[in-house]
Protein chains: 2
Amino acid sequence: MPTTLTPDQISTSLKALADPNRLRIFERLTQGDSCNCELRDELGLAPNLLSHHLNVLSKAGLIHSRRDRVDGRWIYYAIDGSKVSLLRDWLLHLLDVERVETRPVLCGPEGQLASITCQPEGV
Amino acid sequence: MPTTLTPDQISTSLKALADPNRLRIFERLTQGDSCNCELRDELGLAPNLLSHHLNVLSKAGLIHSRRDRVDGRWIYYAIDGSKVSLLRDWLLHLLDVERVETRPVLCGPEGQLASITCQPEGV
DNA sequence: ATCATAGTTCAATGATCATTGAATTATTTG
DNA sequence: CAAATAATTCAATGATCATTGAACTATGAT
């Protein structure tokens, strides 16, 4: 695969989304790009705290930023679709319950006993 | 909805999976139930450290445990399918890139300008 | 140049957390 | 009962991290 996720990237991404405030920020950004000051109004978080969390989300690759083309003081943050899709696909597989295997023989005594007790017929 | 996830449950679950060692444990358990000592051998982690991580995963509701029916000293850990499915569905929605909206008007000057410039025809 | 604004960076604080070794519990065996 | 085994709990340590206020940077307006 050309673009797969390393365990480190998975961990960083999940850690980024695991914080309640960052999750709120991320959810807000799925409803459209936004800037620091708008997030401050809507989420009630201090600008410097927002900068910190936005930076964590950026370093995880989940969002990216650009400056306003009219007034460069404003910076817009947006979901990074490709990175988020990669993470989504990976989690889709990890959390696929259908994929969870039922162990034929458990490691402990119960499993060992089963392997002796449950023989194929005629043995 | 009868069984939905609270922000707190989401955060706890993601935090549980965000740790590299816990992720390894979880991935191992998707391949079949296992006990502390087997995880110790396969993952190379101390028994008390495993107990700690297994406890975190349990409290997040991602796994559950039961004792060996033959020798009660052994405890098996297994993926909790229903809880994991709930989390999966929730993440499926959160990380659905198709759902991400393109903002009609940005909050900053660039957006305001666009709303003036891009009028419906004949205005 | 000066001021205002949007945002970031810095330093400090307290909380949370992963990891480790020692002590403890629960259960089975002799 | 005592000894052994699978696992947990406890206490301590160091690292990481969210949060806050203050200082700083970048950009635009007057």
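Heavy atoms only: backbone and side chains are in, while hydrogens, waters and symmetry mates are out. The sequence lines fix the lettering, A, B, ..., with proteins before strands; numbering per chain opens at 1.
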Have a look at A:Asn21 and say if it touches a base, only the backbone sugar-phosphate, or nothing, with a 4.0 Å heavy-atom cut-off.
sugar-phosphate
Of the nucleotides D:dA26, C:dG7, D:dG28, which has the atom closest to the A:Asp71 side chain?
D:dG28
Option passing side-chain contact (heavy atoms from CB on, under 4.5 Å) with B:Leu62 (candidates B:Val56, B:Leu17, B:Thr12):
B:Leu17
Write down the distance between CG (B:Asn55) and P (C:dC17), rounded to a whole number of angstrom.
12 Å
Over all strands shown, is A:His53 touching base, sugar-phosphate only, or nothing at heavy-atom distances under 4.0 angstrom?
sugar-phosphate
Name the nucleic acid region contacted by A:Asp19, choosing base, sugar-phosphate or nothing; use a 4.0 angstrom heavy-atom cut-off, strictly under.
sugar-phosphate
Describe the nucleic acid contact of B:Asn48 in one word from base, sugar-phosphate, nothing, applying a heavy-atom distance below 4.0 Å.
base
Separation of C:dG7 P from A:Leu54 CG (nearest whole Å)
10 Å
Sequence neighbours excluded, every pair satisfying salt bridge (Lys or Arg N to Asp or Glu O under 4.0 Å) that has a member inside residues 16-25 of chain A
none
Using heavy atoms to find the nearest nucleotide of DNA chain D for A:Arg69 and A:Ala46 separately, return the residue whose nucleotide is more 5′.
A:Ala46
Evaluate the criterion side chain to side chain contact (heavy atoms under 4.5 Å, CB included) for residue pair A:Leu50 and A:Leu45; output intermediate values, then yes/no.
CA-CA 6 Å; A:Leu50 277 168; A:Leu45 299 174; 3.9 Å; yes
Just to be sure I understand the rule, does B:Arg22 reach a base, reach only the sugar-phosphate, or reach nothing, if contact means heavy atoms closer than 4.0 Å?
sugar-phosphate
Interatomic distance, A:Arg67 CZ vs C:dG7 P [rounded to whole Å]:
9 Å
Closest to the 5' end of DNA chain C, once A:Leu49 and A:Trp74 are matched to their nearest nucleotides, is A:Trp74
Could you tell me the separation between the CZ atom of B:Arg40 and the C1' atom of D:dA6, rounded to a whole number of Å?
9 Å
Please identify which of these residues, A:Arg69, A:Arg73, A:Arg67, meets the side chain to side chain donor-acceptor pair (under 3.5 Å) condition with A:Asp71.
A:Arg73
Pairwise distance CD1(A:Ile75) to CZ(A:Arg66) - rounded to 0.5 angstrom:
11.0 Å
In whole Å, what is the span from the NE2 atom of A:His52 to the C1' atom of C:dA12?
14 Å
Between D:dA6 atom P and A:Glu110 atom CD, what is the distance in whole Å?
16 Å
Tell me: CG of A:Leu23 to P of D:dC17, nearest whole Å?
18 Å
Rounded to whole Å, how long is the line connecting atom CG of A:Leu43 with atom P of D:dT19?
12 Å
Out of C:dT8, D:dA4, D:dA7, which has the shortest distance to the side chain of A:Asn36?
C:dT8
